[in-house]
Structures are given as structure tokens and as C-alpha cells.
Amino acid sequence: MAVITVTKDSFKTEVLESDKPVLVDFWAGWCGPCRMISPLVDQIAEEHPEIKVCKVNIDEEQEIARQYRVMSIPMLFVFRDGEVANTLLGAQPKANIEALLK
């Protein structure tokens with residue numbers, strides 16, 4: 001499944017109302033560690049059809065970043081049934097990101 005870019009207008013539908021677990025990557029284009037994990041997040045989206053993978057650009061979607069108190073990036077959230085189930089901060093190996101989903 002392809003990665004979905006979410007905005008404040010689509011966040012509720014794509015993330016909070018999803019019937020699948022959702023991995024959300026909060027990132028920015030100027031963030032080196034964000035660029036490092038982006039290919040890993042893309043791989044996870046392709047390899048794990050049982051989850052939905054979304055990205056939120058914090059520069060464009062500051063309201064969502066504030067709502068979830070994203071102070072550092074990259075920041076990964078896992079949502080289950082509309083609630084935050086897990087978080088992971090910083091550039092991490094793919095295995096750590098996949099472990100977050102369990």
C-alpha cells in the first residue's frame with residue numbers, strides 16, 4: 001500500500017477513523033534524520049498491507065503537530081482505534097519501527 005500524505009482535512013478520516021492500525025510519520029523536508037527514515041517508512045508501507053502508513057509534514061500541518069505535541073522529528077506514532085498506541089522518536093532502524101507496530 002502506498003504512503004498517504006495527510007492534512008488537517010484528511011487526518012480524522014485517514015488516521016482516527018481507520019479500521020486498520022496506522023503508522024504516522026511526522027517529518028519535515030529540512031530534517032536530515034527524516035530523510036534517512038523515509039525510505040524505511042515507504043518499505044514498511046509496501047511490506048505490511050495490514051497497516052496504513054501516513055506522513056504529516058509538520059511545516060505544512062502545524063496544527064496537527066501541535067495537537068500531538070510533536071516537538072522533535074522524526075516522530076512516529078501508531079494509532080489503533082483512533083488512539084495513540086505507541087510512539088518512537090528519532091531516526092531508527094527498520095526493525096525498531098516494525099517492532100513499534102506489534
Side-chain angles (χ1 to χ4, degrees):
M1 177 181 261
V3 174
I4 300 164
T5 299
V6 293
T7 65
K8 66 179 181 183
D9 296 327
S10 63
F11 190 84
K12 181 179 178 193
T13 304
E14 293 292 350
V15 178
L16 302 180
E17 296 175 349
S18 176
D19 57 351
K20 295 180 175 185
V22 184
L23 175 66
V24 181
D25 176 13
F26 285 87
W27 70 283
W30 48 262
C31 169
C34 297
R35 290 193 305 269
M36 288 172 51
I37 70 161
S38 185
L40 303 178
V41 172
D42 294 346
Q43 286 175 13
I44 289 168
E46 292 300 321
E47 295 170 2
H48 294 276
E50 72 279 9
I51 64 162
K52 185 185 284 189
V53 178
C54 299
K55 292 187 179 189
V56 176
N57 182 324
I58 64 158
D59 288 333
E60 296 173 2
E61 302 299 333
Q62 294 176 13
E63 187 176 316
I64 301 170
R66 272 194 303 275
Q67 181 178 354
Y68 289 96
R69 295 188 172 102
V70 176
M71 300 293 181
S72 297
I73 53 173
M75 182 85 171
L76 301 172
F77 282 72
V78 174
F79 286 82
R80 285 191 172 81
D81 300 318
E83 300 291 325
V84 176
N86 221 335
T87 62
L88 188 65
L89 176 63
Q92 300 282 333
K94 184 178 175 186
N96 290 8
I97 299 170
E98 289 176 319
L100 184 72
L101 302 169
K102 294 181 171 45

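It should be emphasised that the depicted structure is a prediction, and the values quoted were computed from it without experimental measurement. Values below: all heavy atoms of this structure, side chains included; hydrogens, waters and symmetry mates excluded.
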Where Val3 and Ala45 come nearest, the two heavy atoms and their spacing =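 In terms of heavy atoms, the two residues are closest at CG2-CB, 3.7 Å.
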Does [X] share a hydrophobic cluster with [Y], counting links as ILVMFWY side-chain heavy atoms below 4.5 Å and allowing steps through other members?
X      : Y     : value
Ile51  : Val15 : no
Leu101 : Val84 : no
Leu89  : Trp30 : yes

Do [X] and [Y] come within less than 4.5 Å of each other through their side chains, counting heavy atoms only?
X     : Y     : value
Asp25 : Pro74 : yes
Ile73 : Ile58 : yes
Ile64 : Val24 : no
Val53 : Ile4  : no

Nearest 0.5 Å, what's the [atom1]-[atom2] distance between [X] and [Y]?
X      : Y     : atom1 : atom2 : value
Arg80  : Asn86 : CZ    : CG    : 7.5 Å
Gln62  : Lys8  : CD    : NZ    : 10.5 Å
Leu100 : Leu23 : CG    : CG    : 6.5 Å
Leu88  : Met75 : CG    : CE    : 8.0 Å

message = Counting only heavy atoms not in Gln43 (residues, nucleotides, ligands), do more than 12 fall under 6.0 Å from its CD?
response =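 Yes, CD of Gln43 has more than 12 neighbouring heavy atoms, counting only those of other groups under 6.0 Å.
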inquiry  = Take a 6.0 Å sphere around NZ of Lys12 and say whether it holds more than 12 heavy atoms from other residues, nucleotides or ligands.
reply    =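 It does not: Lys12 NZ has 12 such atoms or fewer within range.
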message = Could you walk me through whether Leu76 and Ile37 satisfy the side chain to side chain contact (heavy atoms under 4.5 Å, CB included) test, starting with their C-alpha distance in whole Å, then the side-chain angles of each, then the deciding distance to 0.1 Å, before giving a yes or no?
response = CA-CA 10 Å; Leu76 301 172; Ile37 70 161; 4.1 Å; yes
Whether [Y] and [X] form a salt bridge (side-chain N of Lys/Arg under 4.0 Å from carboxylate O of Asp/Glu) is what I want to check.
X     : Y     : answer
Arg66 : Glu61 : no
Lys55 : Asp42 : yes
Glu50 : Lys20 : no

query = Would Val78 and Thr87 satisfy side chain to side chain contact (heavy atoms under 4.5 Å, CB included), going step by step from the backbone distance to the final call?
reply = CA-CA 6 Å; Val78 174; Thr87 62; over 6 Å; no
message = For the backbone of Glu14 and the side chain of Glu17, can you confirm whether one donor and one acceptor N or O come within less than 3.5 Å of each other?
response =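 Here the side-chain-to-backbone pair does not exist.
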request  = Please confirm whether the backbone N or O of Thr7 pairs with a side-chain atom of Ser10, one donor and one acceptor, at under 3.5 Å?
outcome  =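 Yes, because the side chain of Ser10 sits within donor-acceptor range (under 3.5 Å) of the backbone of Thr7.
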query = Between Phe26 and Phe77, what is the ring plane arrangement, given parallel below 30°, perpendicular above 60°, and tilted in between?
reply =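 Perpendicular: the ring planes of Phe26 and Phe77 meet at over 60°.
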request  = Might you work through the side chain to side chain contact (heavy atoms under 4.5 Å, CB included) test for Phe79 and Leu16, ending with a clear yes or no?
outcome  = CA-CA 7 Å; Phe79 286 82; Leu16 302 180; 4.0 Å; yes
task = Give the intermediate values and the outcome of side chain to side chain contact (heavy atoms under 4.5 Å, CB included) for residues Asp81 and Asp19.
result = CA-CA 7 Å; Asp81 300 318; Asp19 57 351; over 6 Å; no
